[in-house]
J.: 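Pasting in a structure now, in structure tokens, and then I'll have a few things to ask.
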There are 2 protein chains.
Amino acid sequence: MARPSQTELAVLGALSTGAMSGYELRRAITEVLGHFWHESFGQIYPCLTALETTGAVRRSGPGRTSGTVFEMTPTGRTRLRALLAEPYPPAPARNGLLLRLFFGSELPPGAPESLLTQAQEAARESLERYAAVRADLDDDTALDDDLDDDTDRAQALRTATLSFGEHMARAQLAWAQESLAALERLDEEAPRARG
Amino acid sequence: MARPSQTELAVLGALSTGAMSGYELRRAITEVLGHFWHESFGQIYPCLTALETTGAVRRSGPGRTSGTVFEMTPTGRTRLRALLAEPYPPAPARNGLLLRLFFGSELPPGAPESLLTQAQEAARESLERYAAVRADLDDDTALDDDLDDDTDRAQALRTATLSFGEHMARAQLAWAQESLAALERLDEEAPRARG
DNA sequence: AGCAGCATGTAAGTGGTTACATGATTGT
DNA sequence: ACAATCATGTAACCACTTACATGCTGCT
């Protein structure tokens with residue numbers, strides 16, 4: 001694991017919150033980072049063994065299978081900080097929805113509209129999920145009054161990632177609505193414009 | 001090319017607007033679809049030969065190198081429509097910025113702020129590019145008064161993909177500003193909250 | 001005894017990028 | 001003559017997914 005990798009960063013990041021098994025690691029990633037990150041077992045386990053050989057991670061617990069947890073070492077924390085400071089690779093621009101919409105005039109009428117409605121629905125569902133997460137988050141902060149500045153700041157950063165999802169979902173919702181309206185307007189005007 | 005592929009769709013889509021060489025194909029994709037799609041030569045050429053063997057695409061022109069253009073056949077257009085109707089695979093959730101922000105409390109103070117400022121700047125640049133594209137688009141529609149309903153609709157769909165980019169960029173801008181403000185507020189309040 | 005969930009891994013395959021090799025054409 | 005750009009491709013590699021193999025633990 002010489003070259004920096006995003007999987008490595010995600011794994012070390014998750015491990016920075018406490019020691020856990022590979023299985024738990026994956027669940028932690030999908031549950032906590034789920035709205036902007038994903039890892040599969042096929043990535044996690046090889047990454048863990050690689051991290052072990054570089055000394056960033058240590059296995060502790062009884063033995064081979066059960067009870068074994070992966071724990072971040074000081075070397076690992078240094079590595080985590082280095083990876084965090086690394087510039088992130090640009091996300092590959094590949095939006096299947098827009099690709100289909102762009103050439104949507106090849107499809108029967110109504111098909112692009114249906115794509116937009118689906119996108120709208122997806123955005124609404126995302127917003128609902130985010131609202132639930134935010135409710136949990138607010139409960140937590142209301143309970144803990146004795147936060148120091150560090151956890152306060154950490155909390156704010158985590159909230160920012162949630163807020164990103166909310167902004168994007170709202171934007172997608174507005175866009176889909178707007179685009180649907182534009183297509184509808186076209187349908188109404190078109191027949192008159194003939195001749 | 002038995003299994004549907006997004007590259008195939010992008011290539012056929014681009015070819016549906018006219019015959020061109022592989023080289024031109026790539027330029028067309030990056031220029032026209034650039035804000036939501038990308039293809040490299042390593043994908044395009046193998047895909048073209050595969051499409052040729054299935055009869056979706058035909059080579060025409062003088063010979064081996066120069067002058068050869070790839071042309072979509074009727075089979076190809078059928079294939080394009082089938083691919084467009086296919087549900088699109090979900091985009092893998094992997095946002096490097098959010099990953100760094102989430103664990104940003106491990107970084108020296110100021111680093112997350114710098115990430116947000118960069119994101120803000122990137123969004124601003126995107127908006128500028130989109131504004132330029134939209135200006136071109138409006139010029140075109142102003143010139144052509146004799147549009148039929150079909151091109152009108154095609155135009156609306158293409159505009160929708162541009163509009164998507166604009167909505168997302170604006171949302172990112174707003175989010176970055178909001179998050180920066182939240183962090184700043186924290187900095188001001190923190191010292192007082194001590195003791 | 002049997003099932004659900006915990007747990008660790010591997011192998012094969014996919015989709016994609018990057019770098020390279022090669023050569024023609026056009027402009028300066 | 002040289003450089004830039006047009007043009008077509010291949011090979012090596014990388015990241016990632018999926019499916020599979022294996023076995024443990026705890027519950028009913």
Side-chain angles (χ1 to χ4, degrees), chain A residues 1-11 14-15 19-31 33 37-53 57 59-71 83 86 88-96 99, chain B residues 1-11 14-15 19-31 33 37-53 57 59-71 83 86 88-96 99:
Chain A
M1 199 107 323
R3 297 249 315 292
S5 112
Q6 303 250 98
T7 295
E8 200 188 347
L9 175 50
V11 165
L15 242 32
M20 57 187 106
S21 72
Y23 193 89
E24 288 171 312
L25 195 49
R26 193 221 188 177
R27 197 177 43 196
I29 290 174
T30 55
E31 273 175 13
L33 273 37
W37 204 262
H38 173 260
E39 292 295 346
S40 65
F41 284 132
Q43 290 277 105
I44 289 174
Y45 283 112
C47 179
L48 278 171
T49 45
L51 284 171
E52 205 183 6
T53 62
V57 146
R59 240 173 257 248
S60 71
R64 279 291 292 113
T65 47
S66 158
T68 322
V69 291
F70 296 90
E71 186 183 359
L83 287 173
E86 203 83 9
Y88 51 92
R94 277 176 152 246
N95 187 319
L99 186 59
Chain B
M1 199 106 327
R3 296 251 313 293
S5 112
Q6 303 249 98
T7 295
E8 199 188 347
L9 175 50
V11 165
L15 242 33
M20 56 187 105
S21 72
Y23 193 88
E24 288 171 312
L25 195 49
R26 194 223 187 176
R27 197 176 42 196
I29 289 174
T30 54
E31 272 175 13
L33 273 38
W37 205 261
H38 173 260
E39 293 296 346
S40 62
F41 284 132
Q43 290 277 105
I44 289 174
Y45 282 113
C47 180
L48 278 171
T49 45
L51 285 170
E52 204 182 5
T53 62
V57 146
R59 238 172 259 249
S60 71
R64 278 291 291 111
T65 48
S66 159
T68 320
V69 290
F70 296 89
E71 186 183 1
L83 288 173
E86 202 83 10
Y88 50 91
R94 276 177 152 246
N95 188 319
L99 186 59

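A note on names: the letters A, B, ... follow the listed sequences, proteins ahead of strands, and every chain is numbered from 1. Only heavy atoms go into these numbers, but all of them, side chains included; no hydrogens, no water, no symmetry mates.
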J.: What is the distance, rounded to the nearest whole Å, between atom CD of B/Glu52 and atom C1' of D/dT8?
T.: 13 Å

J.: Quickly work out the A/Glu39 CD to D/dA15 C1' distance and round it to whole Å.
T.: 10 Å

J.: Write down the distance between CG (A/Leu48) and P (C/dT8), rounded to a whole number of angstrom.
T.: 8 Å

J.: Let me know the distance between CZ of B/Arg59 and P of D/dT8, rounded to the nearest Å.
T.: 8 Å

J.: Would you kindly compare B/Tyr45 and B/Pro92 by the position of their nearest DNA chain D nucleotide and give the one closer to the 5′ end?
T.: B/Tyr45

J.: Quick one: is D/dC6 close enough that its OP1 or OP2 comes under 4.0 Å of any side-chain N or O from B/Arg26?
T.: no

J.: Heavy atoms, side chains only, cut-off 4.5 Å: are B/Val57 and B/Glu8 in contact?
T.: no

J.: Would you mind reading off the distance between B/Gln6 atom CD and C/dG16 atom C1', rounded to a whole angstrom?
T.: 13 Å

J.: Using OP1 and OP2 only, check whether a side-chain N or O of A/His38 sits under 4.0 Å from D/dC16.
T.: no

J.: May I ask you to test the B/Phe70-B/Met20 pair for a side-chain heavy-atom distance under 4.5 Å?
T.: no

J.: Once you apply a heavy-atom cut-off of 4.0 Å, does A/Ser21 come out as touching a base, just sugar-phosphate, or nothing?
T.: sugar-phosphate

J.: Give me the atom names and distance for the closest heavy-atom approach of A/Pro89 to A/Gln6.
T.: CD-OE1, 3.4 Å

J.: Atom CD1 of A/Ile44 and atom C1' of D/dA15: how far apart are they, to the nearest Å?
T.: 14 Å

J.: If you only use heavy atoms from C-beta on, which nucleotide in C/dG16, D/dC16, D/dT8 is closest to the side chain of A/Gln43?
T.: D/dC16

J.: Assign B/Gly42 to base, sugar-phosphate, or nothing according to its heavy-atom contacts below 4.0 angstrom with the strands shown.
T.: base

J.: Check the phosphate of D/dT5 against B/Arg27, side-chain N and O only, distance under 4.0 Å to OP1 or OP2. Yes or no?
T.: no

J.: Quick one about B/Thr7 and A/Arg94 (side-chain donor to acceptor, distance below 3.5 Å, no hydrogens or angles considered), yes or no?
T.: yes

J.: Would you say a side-chain N or O of B/Thr7 is under 4.0 Å from OP1 or OP2 of C/dG16?
T.: yes

J.: What are the two closest non-hydrogen atoms of A/Ser21 and A/Thr68, and how far apart are they?
T.: CB-O, 3.7 Å

J.: Return the value, rounded to whole Å, for the distance between atom CD1 of A/Ile29 and atom C1' of D/dT17.
T.: 15 Å

J.: Rounded to whole angstrom units, what separation is found between the CZ atom of A/Phe70 and the C1' atom of C/dT8?
T.: 8 Å

J.: Give a yes/no on whether any side-chain N or O of B/Ser40 is located under 4.0 angstrom from OP1 or OP2 of C/dG16.
T.: no

